[in-house]
Protein chains: 2
Amino acid sequence: MNIGEVAERSGLPAKTIRYYEDIGLVRPQRSRNGYRAFRESDLHKLAFLGRARALGFTIEDCRTLLSLYEDESRESAQVKTLAEEHLAEIDAKISQLQSMRALLSRLVASCCGDDRPDCPILDDLAGEIH
Amino acid sequence: MNIGEVAERSGLPAKTIRYYEDIGLVRPQRSRNGYRAFRESDLHKLAFLGRARALGFTIEDCRTLLSLYEDESRESAQVKTLAEEHLAEIDAKISQLQSMRALLSRLVASCCGDDRPDCPILDDLAGEIH
DNA sequence: CCTTGAGCTTCCAGTGACTGGAAGCTCTAT
DNA sequence: ATAGAGCTTCCAGTCACTGGAAGCTCAAGG
């Protein structure tokens, strides 16, 4: 398989696949013309990576997950721990965004948004207490 | 004021303040010794930037907000529109994170996390339907 | 007066995970 | 023979900082 087909079937851009090779996540063989020659197992790995990235795992987490996946003697606790840590990070991000959202939506609601310059949003950013 | 005091009073790291000068968000004067000499108005601007960044506005949004703040003839609608767009982006991020969270927490719950290799998390990443 | 240490300066490089673009080779169809 | 798509490598840019090196300035203590 050439990179175009792998890109299509894995859902990853060809650029990303080349990048993953650069950083050692996949090691496709090469045809005599210099083109990357992907096997089904490479495609499988790339699809795995795509799904792990879609769950928000970092590239380094993905590397760990791949090696656990390929390690017959892994303990599922290792995977679960990694996933739980990631879950905690997601939760932290969500609550940070939610507090941003709460303040910002209050500010937006308090601004009448017309042609006059008075704006509680700017007042708040400027540190004026109201 | 030297940069250290401004850093302390604005809550921004000195490195960040220098960076903000680099990209033209503040223009402190200089003392004869070459040190940056901040006025109260610079400090005020930096605190404004800190609060805008804490609400998740991009640097370019901050630049726009600052110029609106300094523009006596602004229309509050301009500010409100910017804030509403940003609010929509925050909402999009939150819901993306929440769907990640939903799937990931289901996977975590289904993995017993012991010393055996069987792991529904890895199975899911590998694309195995269960 | 000298030294020490904190604080300031600039400049360069790195972060994460790609993404865009240029220059050039290969393949397929006409 | 040629056109166009697809492939190659390499370099630079994104965003918003952050770390570190090398060197200058200032205030206090001996």
Side-chain angles (χ1 to χ4, degrees), chain A residues 1-38 42-43 45-46 48-66 85-86 89-90 92-93 96-97 100, chain B residues 1-38 42-43 45-46 48-66 85-86 89-90 92-93 96-97 100:
Chain A
M1 261 180 290
N2 284 349
I3 200 166
E5 188 181 342
V6 178
E8 174 131 2
R9 289 178 60 191
S10 68
L12 295 171
K15 275 272 185 190
T16 298
I17 296 171
R18 291 195 193 98
Y19 172 69
Y20 286 175
E21 184 188 13
D22 265 9
I23 62 173
L25 286 178
V26 274
R27 305 186 189 283
Q29 299 186 303
R30 295 284 175 148
S31 310
R32 258 167 310 173
N33 60 11
Y35 287 15
R36 287 168 184 81
F38 295 86
D42 294 317
L43 174 59
K45 257 193 193 183
L46 287 165
F48 183 104
L49 289 168
R51 276 183 290 263
R53 290 288 298 129
L55 281 177
F57 285 104
T58 65
I59 288 285
E60 283 320 300
D61 282 350
C62 289
R63 200 188 294 279
T64 305
L65 287 168
L66 256 188
E85 284 166 5
H86 181 46
E89 276 159 27
I90 289 176
K93 265 188 208 151
Q96 196 205 349
L97 285 170
M100 273 183 196
Chain B
M1 260 180 293
N2 284 347
I3 199 166
E5 188 182 343
V6 179
E8 174 131 359
R9 289 177 60 190
S10 68
L12 295 171
K15 275 272 186 192
T16 298
I17 296 172
R18 291 195 194 99
Y19 172 68
Y20 286 175
E21 183 188 12
D22 265 11
I23 62 173
L25 286 178
V26 275
R27 305 186 190 282
Q29 298 186 304
R30 293 287 174 146
S31 310
R32 257 167 312 174
N33 60 12
Y35 287 15
R36 287 168 183 81
F38 295 86
D42 294 317
L43 174 58
K45 256 193 192 182
L46 287 165
F48 182 104
L49 289 168
R51 277 184 289 264
R53 290 287 300 130
L55 282 177
F57 285 103
T58 65
I59 288 286
E60 285 319 301
D61 281 350
C62 290
R63 199 187 295 279
T64 305
L65 287 168
L66 256 189
E85 284 166 5
H86 181 45
E89 276 160 27
I90 290 177
K93 265 189 207 150
Q96 197 205 349
L97 285 171
M100 273 185 194

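Between A:Arg18 and A:Glu21 there is no salt bridge, since no side-chain nitrogen of the basic residue lies less than 4.0 Å from a carboxylate oxygen of the acidic one.
When distances run from any side-chain atom of B:Thr58 to the nucleotides D:dA16, C:dC8, D:dT25, the shortest one goes to D:dA16. Comparing D:dT9, D:dT18, C:dT9 by their nearest atom to the side chain of B:Arg30 picks out C:dT9. Of the candidates D:dA16, C:dA17, D:dT9, D:dT9 carries the atom nearest the A:Arg18 side chain, counting heavy atoms from C-beta on. When each of C:dC8, D:dC17, D:dT8 is scored by its nearest atom to the side-chain atoms of B:Tyr35, the top-ranked nucleotide is C:dC8. Each of C:dC18, C:dC8, C:dT10 was ranked by its minimum atom distance to the side chain of B:Ile3; first place goes to C:dC8. Counting only heavy atoms from C-beta on, A:Asn33 has its side chain closest to C:dC27 among C:dC27, C:dA17, C:dT9.
In this structure, A:Asn2 and A:Tyr35 have side chains that are in contact, with non-hydrogen atoms separated by less than 4.5 Å. With a 4.5 Å cut-off on side-chain heavy atoms, B:Val6 and B:Ile17 count as touching.
If you measure from atom CZ of A:Phe57 to atom P of C:dG16, you get 17 Å, rounded to the nearest angstrom. The separation between B:Phe38 atom CZ and C:dG7 atom C1' is 13 Å, rounded to whole Å. The CG atom of B:Asp22 sits 14 Å away from the P atom of D:dT18 (whole-angstrom rounding). The distance from atom CD of A:Glu5 to atom C1' of C:dC27 is 16 Å, rounded to the nearest whole Å. When rounded to the nearest whole Å, the span between CG of B:Asp61 and P of D:dC15 equals 12 Å. Rounded to whole Å, the distance from CZ on A:Arg32 to P on D:dC7 is 18 Å. Protein atom CG of A:Asn2 is 9 Å distant from nucleotide atom P of C:dT28, rounded to whole Å. Atom CD of A:Glu8 and atom C1' of D:dA5 are 14 Å apart (whole Å).
For D:dT18, one of the phosphate oxygens OP1 or OP2 lies less than 4.0 angstrom from a side-chain nitrogen or oxygen of B:Thr16. A close approach under 4.0 Å does not occur between any side-chain nitrogen or oxygen of B:Arg36 and OP1 or OP2 of C:dC8.
The environment of CZ in B:Arg30 is crowded: more than 12 heavy-atom neighbours from other residues, nucleotides or ligands sit within 6.0 Å.
DNA chain D is contacted by both B:Arg53 and A:Lys15; A:Lys15 maps to the nucleotide lying nearer its 5′ end (nearest heavy atom per residue).
If you check every strand for non-hydrogen atoms under 4.0 Å, B:Tyr20 touches sugar and phosphate atoms only.
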Q: Take A:Leu25 and A:Tyr19 through the test side chain to side chain contact (heavy atoms under 4.5 Å, CB included) and record every step on the way to the result.
A: CA-CA 9 Å; A:Leu25 286 178; A:Tyr19 172 69; over 6 Å; no

